[in-house]
There are 2 protein chains.
Amino acid sequence: MKNKLKIQRAIKDITQAQLAEAIGVSRQSINTIEKGKFVPSTVLALKFARYFEVSVEEIFSLEDDD
Amino acid sequence: MKNKLKIQRAIKDITQAQLAEAIGVSRQSINTIEKGKFVPSTVLALKFARYFEVSVEEIFSLEDDD
DNA sequence: ACCAAAAGTAAAATAAACATTACACAATGA
DNA sequence: TCATTGTGTAATGTTTATTTTACTTTTGGT
């Protein structure tokens with residue numbers, strides 16, 4: 001699965017730490033999710049989508065190996 | 001977080017076992033996700049959405065305690 | 001009532017998410 | 001040059017997702 005968190009952050013011009021606080025997770029979680037090191041839960045995906053005011057699908061998308 | 005998996009299943013008229021096979025998880029996972037016993041990963045959420053041809057938000061939604 | 005299919009549940013095990021702490025590195029500005 | 005800010009990464013630990021097996025209960029049809 002790939003994600004556009006970095007792009008969405010750039011649009012809102014916020015840091016990983018700011019996003020972490022807004023969502024309620026650690027900065028390292030943001031960093032590792034952003035880098036694709038693990039797949040976040042659906043609750044987190046919905047929170048990202050709500051925060052960035054886009055759909056979940058605009059942030060996260062399936063890849064062939066999913 | 002609440003979900004409408006049972007409703008979506010009813011619309012497509014499929015069993016938990018059929019959904020499990022279509023998505024690629026165990027039937028018990030479908031059952032426990034449907035009953036809200038745990039929160040699935042974003043990959044699963046995207047697969048549910050793709051299978052039911054709806055958005056993730058039409059299946060899963062945040063609640064106050066999330 | 002009987003039978004079969006579907007749904008619910010539970011225990012135990014494994015895999016994965018997420019937190020915490022800590023450190024390294026690059027860029028920027030005083 | 002030094003300090004700061006943002007980012008990447010690693011180790012370890014706790015919690016939670018997910019599987020497997022298996023059993024019980026419900027539901028629908030005959």
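Chain letters run A, B, ... following the sequence lines, proteins first and then strands; every chain starts at 1. These numbers come from a predicted model, not from an experiment.
- Atoms CG (Leu19(A)) and C1' (dG6(D)) sit 14 Å apart, rounded to a whole Å.
- Rounded to whole Å, the distance from CD on Gln18(B) to C1' on dA5(C) is 11 Å.
- At the phosphate of dA6(C), neither OP1 nor OP2 sits under 4.0 Å from any side-chain N or O atom of Lys6(B).
- Here the nucleotide nearest the side chain of Lys37(A), chosen from dA17(C), dG8(C), dA10(D), is dA10(D).
- Atom pair Lys12(B):NZ and dA6(C):P shows a separation of 18 Å (rounding to whole Å applied).
- Taking only side-chain atoms of Asn31(B), from C-beta outward, the nucleotide of dA7(C), dA17(C), dT18(D) with the closest atom is dA7(C).
- Put simply, CD on Glu21(A) is 16 Å from C1' on dG6(D), counting in whole angstrom units.
- Across all their heavy atoms, Gly36(A) and Asn3(A) have their closest contact at N-ND2, 4.5 Å.
- Between Ser41(A) and dA17(D) there is no side-chain polar atom (N or O) within less than 4.0 angstrom of OP1 or OP2.
- Of the two residues near DNA chain D, Pro40(B) and Ala17(A), the one whose nearest nucleotide lies more 5' is Ala17(A).
- With hydrogens and angles ignored, no donor-acceptor pair closer than 3.5 Å exists between the side chain of Arg9(A) and the base of dG6(D).
- Within the 4.0 angstrom heavy-atom criterion, no nucleotide atom of any strand lies near Thr32(A).
- Under a hydrophobic-cluster definition in which Ile, Leu, Val, Met, Phe, Trp and Tyr are linked whenever side-chain heavy atoms come within less than 4.5 Å, directly or via other members, Ile7(A) and Ile23(A) are assigned to different clusters.
- Among the protein residues, Ile30(A) comes within range of no part of the nucleic acid, since none of its heavy atoms lies under 4.0 Å from any strand.
- Nearest approach of Thr42(B) to Met1(A), heavy atoms of both residues: CG2-SD, 3.7 Å.
- Minimum atom distance to the side chain of Arg27(A) is reached by dT7(D), of the listed dT7(D), dA7(C), dT20(D).
- Ion pairing between Glu21(B) and Arg27(B) fails under the 4.0 Å rule for side-chain N and carboxylate O.
- Computed from coordinates, the Met1(B) CE to dA17(C) P distance equals 15 Å when rounded to whole Å.
- Distance, Leu44(B) CG to dA15(C) P: 17 Å, rounded to whole Å.
- Distances were taken from every side-chain heavy atom of Lys35(B) (C-beta onward) to each of dG8(D), dC18(C), dG8(C); the shortest belongs to dG8(C).
- Scanning both residues, Leu46(A) and Glu57(B), for their nearest heavy atoms gives CD2-CG, 4.1 Å.
- Closest approach to the Ser29(A) side chain among dA19(C), dG8(C), dC23(C) is made by dA19(C) (side chain taken as heavy atoms from C-beta onward).
- Of the listed nucleotides (dA17(C), dA17(D), dT20(C)), dA17(D) has the atom at the smallest distance from the side chain of Phe38(B).
- Because its NZ or CZ atom is both nearer than 6.0 Å to the ring centre of Tyr51(A) and within 45° of the ring axis, Lys12(A) counts as a cation-pi partner of that residue.
- Atom pair Gln16(A):CD and dC25(C):C1' shows a separation of 14 Å (rounding to whole Å applied).
- Counting to the nearest Å, the C1' atom of dA16(C) and the CD1 atom of Ile33(A) are 12 Å from each other.
- Note on Thr15(B): only backbone sugar-phosphate atoms sit closer than 4.0 angstrom, heavy atoms only; bases stay farther off.
- A donor-acceptor contact under 3.5 Å is not formed by the side chain of Gln28(B) with the base of dT20(D).
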